[in-house]
Amino acid sequence: MKTQTVNKTQVAEKTQRIAGSEAIVRSLMAEGVDILYGYPGGAIMPVYDELYKFKDQIHHVLTRHEQGAAHAAQGYARISGKVGVAMATSGPGATNLITGIADAQIDSTPIVCITGQVPSHLLGSDAFQETDIVGISTPVTKWNCQVTKSEDIPEAIAKAFYIAKSGRPGPVLVDITKDAQFGELDFKYEKCKGVRSYIPIPKTDPETINAASELINNAKKPMIVWGQGVILGKAEAELKAVIEKAGIPAAWTILGASALPTSHPLNIGMVGMHGNYAPNKLTNECDVLIAIGMRFDDRVTGSLDTYAKQAKIIHFDIDPAEIDKNVKTDVAVLGNSKESLALLFDALNKNTHDSWLQEFKDLYAIEFEKVIQGDINPTKEGLTMGEVIKQINIESKGNAAIVSDVGQHQMIACRYADFNVTKSNITSGGLGTMGFALPAAIGAKMAAPEREVVAVIGDGGYQMNIQELGTIFQQKAAVKIVVLNNEFLGMVRQWQQLFFDKRYASTEMTNPNFVAIAEGYYIKAKKVTKREELADAVKEMMASEESYFLEVCVEKEGNVFPMIPSGASVSDVRLS
């Protein structure tokens, strides 16, 4: 019998007596965390002291604002598929995380946020920098807890990581009092493998697969709309196989973008308020609508009273709470998308829907003539946002990760960027957070240094977290930053033009010298004002091995079309 050699040092480390602050750091390392984002302060200082001691094993990134830390953790998670981690002190440090946490909650992004808290004997006394962050964050977290005893730290962190990444992912917050950080415990870490009454992945009922496949096999005009659930479930290959076997035209929500290459012949474009003309219009003409890993958001459906009323609705989702929440389904298939789509594939007949697909192509031709051509190949004098994205496509060959903020530039980036690689469209979807893109791009680049990461941002959102240029400089993160400057809060201005008789109330921006600011952070920068300068500037930016800032002055009153007016039917999509 072979004798097993045991490393006594490793055994001792599992049971040695250590401070709670060290237990936090060791717990993070046990979960495979090698990068975290944060900002120190009094109530979390013991943990930072331990991070200093373990800096060769776990890299702390000092952001310039706690909101930046949360968004950076999101960017890290979105491109890597792993859990992002953010850390802050009590009071304002903790509350500054909330916007990022709320963003992660609605976009199903797995992050773990650790906050310091005043000593437990001061809880409820309005002590300096005391805030009830557990109460504040409860509506926007998947789970949260407060730890007041050092011996409870390992279990709380293990549970946090398990809940954040399992099932439908989401943000978790662990608030740890300062005395729990100073207290000692016999440290032993065990990863969480389950939580009582929590079923992260519901079992797929074979009968629902049979019912879904029967509807699809008999459909004359089937249409798929997929969302981020495909990417979160790592079901890109299964989605492609289903689409190709059944010959079904397939559209995507903005968070689902990149699960199927843009160039795929059955990829019919984006649905939603500024989505493509054909998939929006034909939603109300299909006979079977197959929703996969999407939640029927109001920006996708428009008026629910008129949404796909003629169609049988099949909904694939991991979260039972999404079924029948907004749209009544005929068949609901619960489970992980990778597994349920594989089962569906086996039950589908080989098919084509050429005449139905031609209807999408015909409407695309109309959109191309009336909208797309003018966006990406303009003849007018002013630069358009679309031609900037086109130039990025040329240089990146569709392999870059595009990180966008919220507004007109976001819709243009989603519409015109080529996505050949999954996890390539990183944006704030459900919450619509201005200030998301710059810190999220930092997290994405640090998680995937081998990938080209391009942050496409409007001049308004850029200034909400512009201080994170300091993080880029300090970390030497080779993020490419493109600010599309129209000197307006463009999306709001568009609505004011169309629906408020051009009363541009508080939307015009008097902007600073963006190039000088970037250069103040030692980031190479350039400004483009003419079309003949654009191609060379984008080429130079993409060729740079370091971070690069490019400001492009685009037309001030350019609009994004197609557009579905708020509350209107998807059939009422406008081309102008």
Side-chain angles (χ1 to χ4, degrees), residues 32-35 37 70-85 100 103-104 106-111 164-171 226-241 243 250-264 267 270 292-295 318 336-338 341 389 392-393 396-406 410 413-430 433 436-456 477-480:
V33 175
D34 55 0
I35 299 175
Y37 303 87
H71 291 324
Q74 287 180 273
Y76 178 97
R78 290 274 288 273
I79 202 167
S80 69
K82 299 191 290 186
V83 178
V85 182
D103 194 286
I106 201 165
D107 282 354
S108 303
T109 305
I111 63 172
K165 66 187 176 183
S166 60
R168 180 179 181 174
W226 86 83
Q228 190 186 201
V230 171
I231 295 172
L232 295 173
K234 301 178 181 178
E236 294 91 341
E238 288 75 14
L239 173 70
K240 183 172 180 284
I243 289 170
W252 39 273
T253 68
I254 63 169
L255 293 185
S258 80
L260 188 72
T262 304
S263 59
H264 193 285
N267 185 334
M270 181 172 77
I292 305 171
M294 55 85 80
R295 57 189 180 86
I318 198 170
N336 176 281
S337 56
K338 188 176 186 68
L341 288 177
I389 302 302
I392 292 172
N393 288 338
S396 71
K397 297 179 174 56
N399 295 322
I402 305 296
V403 186
S404 57
D405 226 82
V406 171
Q410 175 196 34
C414 291
R415 283 177 52 80
Y416 295 126
D418 288 338
F419 298 118
N420 294 332
V421 182
T422 189
K423 299 186 180 74
S424 288
N425 187 41
I426 301 170
T427 192
S428 174
T433 305
F436 171 87
L438 190 60
I442 296 169
K445 184 62 180 179
M446 296 185 76
E450 75 286 353
R451 293 201 63 185
E452 196 70 79
V453 175
V454 182
V456 178
V479 175
K480 310 299 167 60

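- With hydrogens and angles ignored, the 3.5 Å screen pairs no side-chain donor or acceptor of Asn393 with any backbone N or O of Gly398.
- The two atoms that bring Ala441 and Val453 nearest to each other are O-CG1, 3.8 Å, heavy atoms only.
- In this structure, CD1 on Ile389 lies 10.5 Å from CG on Asp418, to the nearest 0.5 angstrom.
- In terms of modelled atom types and a separation under 3.5 Å, the side chain of Asn267 and the main chain of Pro261 share a donor-acceptor contact.
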Exercise. Which is it for Leu255 and Thr427 under the side chain to side chain contact (heavy atoms under 4.5 Å, CB included) test, yes or no, and what are the steps along the way?
Worked result: CA-CA 7 Å; Leu255 293 185; Thr427 192; 4.0 Å; yes

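- Every residue meeting the salt bridge (Lys or Arg N to Asp or Glu O under 4.0 Å) condition with Lys338, not counting sequence neighbours, appears here in chain and number order: Glu238.
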For this session: Dump the intermediate steps for side chain to side chain contact (heavy atoms under 4.5 Å, CB included) on Ser108 and Leu232, then the final yes or no.
Result: CA-CA 9 Å; Ser108 303; Leu232 295 173; 3.8 Å; yes

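- Scanning for salt bridge (Lys or Arg N to Asp or Glu O under 4.0 Å) contacts around Arg451 gives an empty result, with sequence neighbours left out.
- With Asn425 contributing its side chain and Ile254 its backbone, the two residues share a donor-acceptor pair below 3.5 Å.
- Checked against ring pair (Phe, Tyr, Trp, His ring centres under 6.0 Å), Phe436 has the following partners two or more places apart in sequence or in another chain: His71.
- Remark: side-chain polar atoms of Trp226 are not paired, donor with acceptor, to backbone N or O of Ala250 under 3.5 angstrom.
- Pairing each heavy atom of Ala440 with each of Val403, the nearest pair is CB-CG1, 3.9 Å.
- Within the model, atoms OG1 of Thr109 and CG of Asp103 stand 7.0 Å from one another, a figure rounded to the nearest 0.5 Å.
- Summarising the geometry, atom CE belonging to Met446 is positioned 4.5 Å from atom CD1 belonging to Ile35; distances are rounded to the nearest 0.5 Å.
- The heavy-atom pair separating Ala164 from Pro110 by the smallest distance is O-CB, 3.3 Å.
- Across all their heavy atoms, Val479 and Ala455 have their closest contact at CG1-CB, 4.4 Å.
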Problem set entry | side chain to side chain contact (heavy atoms under 4.5 Å, CB included) between Glu452 and Lys397, worked out | CA-CA 11 Å; Glu452 196 70 79; Lys397 297 179 174 56; over 6 Å; no

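- In this structure, Glu236 CD and Thr422 OG1 are separated by 3.5 Å, a value rounded to the nearest 0.5 Å.
- When atom types are taken as modelled, the side chain of Ser258 and the backbone of Lys423 share a donor-acceptor pair closer than 3.5 angstrom.
- Atoms CD and CZ, from Gln410 and Arg415 in turn, are 13.0 Å apart once rounded to the nearest 0.5 Å.
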Problem set entry | Trace of the side chain to side chain contact (heavy atoms under 4.5 Å, CB included) decision for Trp252 with Val230 | CA-CA 10 Å; Trp252 39 273; Val230 171; over 6 Å; no

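- For Ser428 (side chain) and Asp405 (main-chain N/O), no donor-acceptor pair under 3.5 Å exists by modelled atom type.
- Minimum heavy-atom separation, Gln228 to Asp107: NE2-O, 2.8 Å.
- Separation of atoms CG (Leu239) and CG (Leu260) is listed at 6.0 Å; rounding is to 0.5 Å.
- Shortest non-hydrogen contact noted between Tyr76 and Gly84 is CD2-CA, 3.9 Å.
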